[in-house]
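When a ligand or atom number is given, it counts from 1 through the structure's own listing order. Basis for what follows: all heavy atoms, side chains included, without hydrogens, waters or symmetry-related copies.
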Amino acid sequence: MATCKVAPSLLSANFANLQRDLEMINHSEADWLHLDIMDGVFVPNISFGFPVLKHVAKYSTKPLDVHLMIVHPEKFINEVRDLGTYMMNVHYEACLHLHRVVQQIKDAGMKAGVTLNPATPVSVLEDIIGDLDMVLLMSVNPGFGGQKFIPNTIKKIKDLHALMERTGAKPIIEIDGGVNMNTAPYLVEAGVDMLVAGNAVFAAPNPELMIHQLRNC
Ligand code: DX5
Ligand code: ZN
């Protein structure tokens, strides 16, 4: 039995009952709380923004893992920091000056993660991976919860391990999209550190038990 860390994604929570769902996560074995910010431009959906997250952050006892699916994420570094964020993830595809953005995130006192869409190869990280605290591989096209896992992600995890070996870089590897009890064992076997799970957790009859099971799959 392998173990892996789990970051439940609030995107699949009941937004009319966020306090209840946050208390469930606080009480669970979840390692981080994953927060998906969408702008309707970078991705074809809108989720929640800072007025909501300000309150969410106050209730959460878990480290915040903020995933920005927006254009110009560099404009919001201070807002993300003010939430008390531990890990700020920006998309490679959204950053023209990725090196600068990564340094700005670190200068703001947060860990820096870079996210890759399913069609973006791991090789684009060659010259930045040494600066990264985390690489987040999307295993669905970003924008929605409850989508089907893209199997090519397993190959990309292997590519990422090869790049890490070659460069000596040791970022955390996080996977986001379509993670459930069917896909998680393959991800753990491929060597990931952190699983994001939205639908699998919140559609489960017992979400807290599902978090436990994903951590021990
Ligand atoms: C999708 C988001 C995910 C989403 C995952 O764009 O980045 O974090 O909540 O949802 P599931 O686990 O349902 O695929
Ligand atoms: Zn996400």
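- Residue contact annotation: Val140 has no non-hydrogen atom under 4.0 Å from ligand 1.
- Each of the following atoms of ligand 1 lies closer than 4.0 Å to a heavy atom of Ala197: 12 (O).
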Given salt bridge (Lys or Arg N to Asp or Glu O under 4.0 Å), test Asp82 with Lys54 step by step and report yes or no. CA-CA 8 Å; Asp82 291 347; Lys54 190 175 74 182; over 6 Å; no
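- Enclosure of atom NZ in Lys5 is not indicated, since only 12 or fewer non-hydrogen atoms of other residues, nucleotides or ligands lie within 6.0 angstrom.
- No close placement of the Phe149 and Tyr186 rings is indicated, their centers lying 6.0 Å or farther apart.
- Considering only non-hydrogen protein atoms, atom 6 (O) of ligand 1 sits nearest to Gly143 N, 2.7 Å.
- Donor-acceptor pairing under 3.5 Å is recorded for the side chains of Asp65 and Asn89.
- The contact set between ligand 1 and Pro142, taken as ligand atoms under 4.0 Å from a residue heavy atom, comprises 6 (O).
- Each of the atoms 7 (O) of ligand 1 lies under 4.0 Å from some heavy atom of Met138.
- Protein heavy atom closest to atom 14 (O) of ligand 1, with residue, atom name and distance, is Gly178 N, 2.8 Å.
- For ligand 1, the atoms lying closer than 4.0 Å to a non-hydrogen atom of Met69 are 6 (O), 7 (O).
- Protein heavy atom in closest approach to atom 1 (C) of ligand 1: Phe144 O, 3.5 Å.
- Under the 4.0 Å criterion applied to side-chain N and carboxylate O atoms, Glu74 and Arg100 are not assigned as salt-bridge partners.
- The N, O or S atom of Asp176 with the smallest distance to the Zn ion (ligand 2) is OD2.
- For the atom pair OG of Ser60 and CG of Leu33, the computed distance is 4.5 Å after rounding to the nearest 0.5 Å.
- Ligand 1 has Gly177 within reach: a non-hydrogen atom of the residue lies less than 4.0 Å from it.
- As for His67, its N/O/S atom nearest the Zn ion (ligand 2) is the one called ND1.
- Among the atoms of Ala200, none of the N or O lies under 3.5 angstrom from an N or O of ligand 1.
- In terms of polar-atom proximity, defined here as any N/O pair under 3.5 Å, Ser9 does make such a contact with ligand 1.
- Heavy atoms only, all atoms of each residue included: Leu10 and Phe202 are closest at CA-CE1, 4.5 Å.
- Heavy atoms of other residues, nucleotides or ligands lying less than 6.0 angstrom from OH of Tyr92 number 12 at most.
- Shown in contact with His67 at under 4.0 Å from a heavy atom are these atoms of ligand 1, numbered in order with element: 7 (O).
- Of all non-hydrogen atoms in Ser139 and Thr153, the two that sit nearest each other are CB-OG1, 3.3 Å.
- Those atoms of ligand 1 with a heavy atom of Asn199 less than 4.0 angstrom away are 11 (P), 12 (O), 13 (O).
- Note on Asp36: its N/O/S atom closest to the Zn ion (ligand 2) is OD1.
- Taking the N/O/S atoms of His34 in turn, the shortest distance to the Zn ion (ligand 2) belongs to NE2.
- The protein heavy-atom contact nearest to atom 5 (C) of ligand 1 is Asp176 OD1, 3.4 Å.
- A donor-acceptor pair under 3.5 Å is absent between the side-chain atoms of Glu174 and the main chain of Val196, judged by distance alone.
- Nearest protein heavy-atom neighbour of atom 2 (C) of ligand 1: Asp36 OD1, 3.4 Å.
- Heavy-atom minimum distance, Lys75 versus Glu79: O-OE1, 3.7 Å.
- Taking every non-hydrogen atom of Gly145 and a distance limit under 4.0 Å, the qualifying atoms of ligand 1 come out as 10 (O), 13 (O).
- The Val196 neighbourhood of ligand 1 comprises atoms 8 (O), with distances under 4.0 Å to a heavy atom of that residue.
- Expressed to the nearest 0.5 Å, how far CG of Leu160 lies from CD1 of Ile129 amounts to 5.0 Å.
- Rounded to the nearest 0.5 Å, atoms CD1 (Ile128) and CG (Leu98) are 5.0 Å apart.
- Scanning the protein heavy atoms around atom 11 (P) of ligand 1, the nearest turns out to be Gly146 N, 3.6 Å.
- The nearest heavy-atom contact from the protein to atom 12 (O) of ligand 1 is Gly198 N, 2.8 Å.
- No hydrogens or angles considered: a donor-acceptor pair under 3.5 Å links the side chains of Asp36 and His67.
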